Structure formats: structure tokens, C-alpha cells
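Presented below is the structure to which this report refers.
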2 protein chains.
Amino acid sequence: MRKTTSTNFSNEEALAAICPMHNVMRVLGGRWKIALLYFIYQGHHRFGLLQKKMPFITTKMLSAQLKELEQDGLIHRKIYAEMPPRVEYSLTEKAQTLLPVLEDLYNWGERYIAVPA
Amino acid sequence: MRKTTSTNFSNEEALAAICPMHNVMRVLGGRWKIALLYFIYQGHHRFGLLQKKMPFITTKMLSAQLKELEQDGLIHRKIYAEMPPRVEYSLTEKAQTLLPVLEDLYNWGERYIAVPA
DNA sequence: TACTATACTAACCAAAAAGAAAGTAATGCG
DNA sequence: CGCATTACTTTCTTTTTGGTTAGTATAGTA
């Protein structure tokens, strides 16, 4: 739970007010989110598959970040009423519009960021 | 100091290996960086001016994030041997090439991200 | 001598993010 | 009944990030 009385919290709000980019970063930040979007885009729609693609991520983190992406309207979560359960994640239109921008950013990174040794 | 033996650390490395975007996010992450780039771009080249523009940031954070931006080659730090000291920050070419991409991201955010109430 | 200005650094503490490990739920199968 | 399957949740601990406060350096001015 976020502590809404902290300077940390109010600083973030104040910053968002002067720098709207901050909200974008809030949505795309979080360690696994961009990779998740990428893998879902690649066709790995299920929890288990995503975990196989990223063997390091814990179920807690996967679950949490998928939830945030869903809340931010970037992925859609479809539940099949089966047993064992089946849930499929897919990119929303909103996320589709983001892809080309991320691609530009990716290309910038390729050209200008040295991968740390 | 970063603890290089933690899972946290090795996860980040593993992630960067499968998702090069992670390196981009590492460079642009950190609470104040994008705002800093923006203000420097706007012509606020000095430590004190930047602090005036962002009254919440502490000297420690300002100093730290400027240092990281410099290390990542996004800003240039020019020291004038005067007293009282004068230091001027400016965007590098690398940062200039990033601006249009950030602008696209900004526009995407404007259109698609609801500012939290 | 005391005080100003500027651009910081250092030591310590609070808060947030991430990881580890165990547990839940519902159904079908042997 | 006991186990497998899938997609999680919960609690607790570690790691990282950010904030608070005090202090440094150097020359000029009152």
C-alpha cells in the first residue's frame, strides 16, 4: 500500500503536474512491463507461457504487473470458465498505438545506448 | 551501492538480455530525469535554476540524477573556474536525437493516459 | 571577523519495489 | 482419497530508491 502522506508520494504528484511524461513512465515503468507487452504481442497469451518466456519472474510479480497493465488499459484479460482455469491476455488498441513509439525508442536505444558490460 | 549478488540484480541483467528496451528504461527511469532533460532543453542550464524549477527536488537527488545523465551521455557538464562556482549543463547530441521520440511518447500519453484523480 | 553565494557531498533513515515461499480454488483422473 | 493442473493470493523479507539534515570549499563583501 502506498503511503499518501509521504514526501515521496507528494513529490510524485507535484512532478506529474509539471511533467506529464511522468504519467507515461508510471504506466511503462515497473521492471517487467515492456517485456510483457512484447511477449504478449508475440503471441504468448497465457500466464504459464509468459512465465516460461521469463523464467526469473515470480508469480507474484507477473500477476501484479499484468494487473497494472490491465488497469492502465494496455492489455485485455479474458477468462474462460474452465477447469483447470484458462486466462488469455491480449493487447488492447491503446497498446497497439503505443507499439510504434516503443519501436522508435527501441531503435534509439540500439543506436545510442551501450549495453553495460 | 548496488548489491551485485542479489536476485534483484541478476534478474535485471537477465531481463536486459531478452529485452533491450530495459536499458533504455534504465537510462530514462529515475524520478526526475525526463523533467530534467526537459528543463535543460528549455534553457535552464544551472543547478540553482533547475532547483527553482523543481522546488521539491533535494540537492542530493538533483546532483545524483544529473550525474547519471552525464554518465549516460545525455548531458554535458561545463565547469567555470570561478568563485562562487558556476557549472552549466546542456544536452548532448545524443539527447537531441532522443527528443523527438520523447515527444511522440508524450503525445501518446496526452491522448491515451488519463491523469490520475 | 562574519556572512554571502554556488554547487555540491556524506551519513543516516523512510518508503517503495521486488523476491521467496507457502497457500488457495475447482475439477477431473486413478 | 490423493494428486495433477492452472492461475493465481498472501505474508514476510530483502534490495533499491528517495528524502532529511548537516556539512564542505572558495573568494568576495560589510
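Treat the numbers as computed from the prediction; the structure is a model and nothing was measured. By convention in this document, chain letters (A, B, ...) are assigned in the order of the sequence lines, proteins followed by strands, and residues within each chain are numbered from 1.
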Interatomic spacing from CG in B:L62 to CD1 in B:I57 - rounded to 0.5 Å: 4.5 Å

Round to the nearest Å and state the distance from B:I57 atom CD1 to D:dT20 atom P. 12 Å

Taking only side-chain nitrogens and oxygens of B:K67, does any of them come within less than 4.0 Å of OP1 or OP2 of C:dC8? no

Over the length of the helix from C:dT1-D:dA30 to C:dG30-D:dC1, how much do the five-pair end axes diverge, rounded to 10 degrees? 40°

Does a side-chain N or O from A:R86 land closer than 4.0 Å to OP1 or OP2 of C:dA26, or not? no

Would you mind classifying the nucleic acid contact of B:E88 as base, sugar-phosphate or nothing, using non-hydrogen atoms under 4.0 angstrom? nothing

Whole-Å distance between D:dT11 P and A:M1 CE? 13 Å

Closest non-hydrogen atoms of A:Q65 and A:W32, given as atom of the first, atom of the second and distance, are OE1-N, 3.5 Å

Quick one: is B:R2 getting a side-chain N or O under 4.0 Å of the D:dT16 phosphate, OP1 or OP2? yes

Heavy atoms of other groups near A:Y112 OH, more than 12 under 6.0 Å: yes

Would you indicate whether the side-chain heavy atoms of A:V27 and A:L74 approach each other to under 4.5 Å? yes

Sorted by number, residues from residues 32-43 of chain A placing a heavy atom under 4.0 Å from DNA chain D are none

Nearest-Å distance for atom pair CG/P, residues A:L66 and D:dA7: 11 Å

Sequence-distant partners of B:R2, side chain to side chain donor-acceptor pair (under 3.5 Å), two or more places apart: B:E12

List in chain and number order the residues that pass side chain to side chain donor-acceptor pair (under 3.5 Å) with B:T97, two or more places apart in sequence or in another chain; answer none if no residue qualifies. A:W108

Tell me: CG of A:L62 to C1' of D:dA7, nearest whole Å? 10 Å

Within the 4.0 Å heavy-atom criterion, would you say A:E12 contacts the bases, only the backbone, or no part of the nucleic acid? nothing

Just grab all the salt bridge (Lys or Arg N to Asp or Glu O under 4.0 Å) pairs involving residues 83-106 of chain B, residues at least two apart or on different chains. B:E82-B:R86, B:R86-B:E88

With rounding to the nearest 0.5 angstrom, report the CG to CG distance, B:L28 to B:L102. 6.0 Å

For A:M54 against A:A35, the heavy-atom pair lying closest together: CE-CB, 3.3 Å

Might you list the N or O atoms of the protein lying below 3.5 Å from N or O atoms in nucleotides 22-30 of chain D, with each pair's distance?
none

For DNA chain D, which residues of residues 44-53 of chain A approach it to below 4.0 angstrom with any heavy atom? A:R46, A:F47, A:G48

May I have the distance from A:E82 (atom CD) to C:dA25 (atom C1'), rounded to whole angstrom? 16 Å

Heavy-atom closest pair, residues A:P85 and A:M83: CD-SD, 3.5 Å

Applying side chain to side chain donor-acceptor pair (under 3.5 Å), name anything that partners B:Q71, two or more places apart in sequence or on another chain. none

Atom of B:L66, atom of B:I75 and distance for their closest heavy-atom approach: O-CD1, 3.4 Å

Determine, step by step, whether B:T92 and B:E70 satisfy the side chain to side chain contact (heavy atoms under 4.5 Å, CB included) criterion, reporting the C-alpha distance in whole Å, the side-chain angles of both residues, the deciding distance to 0.1 Å, and the verdict. CA-CA 9 Å; B:T92 59; B:E70 193 197 359; over 6 Å; no

For a quick test of reading the model: is some side-chain N or O of B:Y89 closer than 4.0 Å to OP1 or OP2 of C:dC8? yes

State whether B:N11 places a side-chain N or O below 4.0 Å from either non-bridging phosphate oxygen (OP1 or OP2) of C:dG19. yes

Sequence neighbours left out, cut at 3.5 Å: what donor-acceptor pairs do the side chains of residues 40-50 of chain B make with other protein atoms?
{"from": "B:H44", "atom 1": "ND1", "to": "B:F39", "atom 2": "O", "distance (Å)": "3.2"}
{"from": "B:H45", "atom 1": "ND1", "to": "B:Y89", "atom 2": "O", "distance (Å)": "2.8"}

Sorted by chain and number, sequence neighbours left out, side chain to side chain donor-acceptor pair (under 3.5 Å) with A:E68 holds for A:K33

Please give me the minimum heavy-atom distance between A:C19 and B:I34, naming the atom from each residue. SG-CG2, 4.3 Å

State whether B:T7 places a side-chain N or O below 4.0 Å from either non-bridging phosphate oxygen (OP1 or OP2) of D:dT15. no

Strictly by side chain to side chain donor-acceptor pair (under 3.5 Å), give each pair with a member in residues 49-60 of chain A just once, sequence neighbours left out. none

Output the rounded distance in Å from CZ (B:R31) to P (D:dT16). 18 Å

Using the 3.5 Å cut-off, write out each protein N or O paired with an N or O of nucleotides 11-13 of chain C and the distance between them.
none

Taking the side chain of B:T58 as its heavy atoms from C-beta onward, which of D:dG18, D:dA7, D:dT20 lies nearest to it? D:dT20

To the nearest angstrom, how far is B:E68 atom CD from D:dT16 atom P? 14 Å

Using the side-chain heavy atoms of B:N8, tell me which of these nucleotides is nearest: C:dA16, D:dT15, D:dC8. D:dT15

What's the CE-P distance between A:M61 and D:dT13, to the nearest Å? 19 Å

At their closest point, which heavy atom of B:V24 faces which heavy atom of A:I113, and how far apart are they? CA-CD1, 3.6 Å

So, is A:S6 near the phosphate of C:dA14, with a side-chain N or O under 4.0 Å from OP1 or OP2? no

